[in-house]
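What follows is one structure encoded as structure tokens, with my remarks underneath.
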Number of protein chains: 2
Amino acid sequence: MPQATFSREQLVERLAQVFRRHGYEGASMTRIAAATGLGRASLYHHFPLGKEQMAEMVIEATRIWFEEKVFVPLEGNQPPRQRLSAMLAVLSDYYDCGRMAGMPLVTAVCEDRDRFAESIRSFYARWIATMTQLLTDAGLARDIAARRAHDGVERIEGAVVVVRATSNAYAFVRMAEELPDQLLAGADRAAVWTVRNRFSPLSREPQPARLTG
Amino acid sequence: MPQATFSREQLVERLAQVFRRHGYEGASMTRIAAATGLGRASLYHHFPLGKEQMAEMVIEATRIWFEEKVFVPLEGNQPPRQRLSAMLAVLSDYYDCGRMAGMPLVTAVCEDRDRFAESIRSFYARWIATMTQLLTDAGLARDIAARRAHDGVERIEGAVVVVRATSNAYAFVRMAEELPDQLLAGADRAAVWTVRNRFSPLSREPQPARLTG
DNA sequence: GTCTATAAAGCGATAGAC
DNA sequence: GTCTATCGCTTTATAGAC
């Protein structure tokens, strides 16, 4: 079923699917070969260091994908609630409502997970930083925003665990519905982000009536 | 290093350590044999159905252990906040601040995880039910209590994922510190649980001054 | 750059002696 | 109830032809 040749990018994407579906130890070279259409030996031409290198490449590709699809939008100019909802829509798709693991979960249950700890740490750090910024934009104090950003990431990872362990996507869907309200509880309703956005030189939003009235 | 013979209970406990440390696929018969002091073949005398049966026994033993150490105390007569803190103290120890996975996480990343889905589902259902009861005792409406019980379990699982993926126990410790306040936010302070407890025929607490004054 | 063939080790599981 | 020995298969990885 796989096509003749892949770009490097497409190749890593296929690797990611196998790791995320079967876990690190479950992602055998035979499975990866089947998913990519390459022979087992050919994989060592692209990844001379073998499976560990493949996982490292997948983690890096995931970071780049999240940068574009999640982190940058989280830092955007839309209202905070809208940015959060957009993130959760992207994540519901990425995680297939919890049925597909992310790479942090994959590395959390594998031998020599220390090999990947630093990559995952920086991934989480970037994610939490952008969520913290969003929540301060929404009017939350910085320390509260930081705590809730940690909470949010853990809730998402936890929901994936529950969904995969119980073969029931309910937990992820419920989490995605509730998370914006919970993270934004007590935030000044759009006041602070509006002020910040209004005077931001990077704003692409139409300017308010102040300029014309 | 392993001693000569184990009781069935001790044997399953050793199995649990191996599964929780190395994951399902990482828990090889060789590792299990080393951890129990038995030969690989001897393990099939105790568990004729092999590795899947071993994992099933560990899950069941975990359920029994949680019933005694977590679920029953959650249903106790102490103030709700005290019961929550007691649970988190037990869990911090059980999960070694996130460094050891629980069986749900182990089964979430393994081949044929469907084999264990029903066991894990009933485990979670019991846990969530007891937490829901505790939170209604604290004065929360039943639907809010149920949502927060789900949230709490996911936060705990998520914290374990983050800790293991980053090799840093900070996330679990922070979660354990914050969870009681977050779950009990907005609850009537001890009012409802006190009323329920005072008139409970099962109460072992000393009766209030009403009886003597 | 992909392939066939194969090495070397590990896997879960079984047979049968004691 | 534990053992040694082994089966049959899969694993990661390599060698070398094309």
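Since the model is a prediction, treat every value here as computed from it, not as a measurement. Order of the sequence lines sets the chain letters (A, B, ...), proteins ahead of strands, with each chain counted from 1.
Ionic pairing of B:E25 and B:R31 is not present here: no N-O contact between side-chain nitrogen and carboxylate oxygen is shorter than 4.0 angstrom.
Counting only residues at least two apart or in different chains, salt bridge (charged side-chain N to carboxylate O under 4.0 Å, His left out) contacts with residues 36-53 of chain A comprise A:E52-A:R115.
By the ring-ring contact (aromatic ring centres under 6.0 Å, His included) test, B:F66 is found to be paired with B:F71, B:Y94, B:F123, B:W127, residues two or more places apart in sequence or in another chain being considered. Here B:Y24 pairs with B:F19, B:F116 under the ring-ring contact (aromatic ring centres under 6.0 Å, His included) rule; sequence neighbours left out.
Judged by distance alone, the side chains of B:E60 and B:S119 never bring a donor and an acceptor atom under 3.5 Å apart.
Proximity of a side-chain donor or acceptor of B:H150 to a complementary backbone N or O of B:A146 within less than 3.5 Å is detected.
Residue A:L43 contributes atom CG, which lies 13 Å from atom P of C:dT4 at whole-angstrom precision. Atom CG of B:L38 is separated from atom C1' of D:dG1 by 9 Å (rounded to the nearest Å). Distance NE2 (B:H46) to P (D:dG1): 7 Å, rounded to an integer number of Å.
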Donor-acceptor contacts under 3.5 Å from residues 100-107 of chain B side chains, at least two apart:
unit_1, atom_1, unit_2, atom_2, d
B:T107, OG1, B:M103, O, 3.3
B:T107, OG1, B:P104, O, 2.9

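Side-chain proximity of B:H45 to C:dT2, D:dC3, D:dG1: nearest is D:dG1.
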Contact pattern, 5' to 3', of nucleotides 5-18 of chain C - B, S or - by protein heavy atom under 4.0 Å: -B----SSBBB---
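Annotation: proximity of residues 109-116 of chain B to DNA chain D (heavy atom, distance under 4.0 Å) is found for no residue.
For the pair B:S42 and D:dC3, the criterion of a side-chain N or O lying under 4.0 Å from OP1 or OP2 is met.
Smallest separation of non-hydrogen atoms from A:A138 and A:L184: CB-CD2, 3.6 Å.
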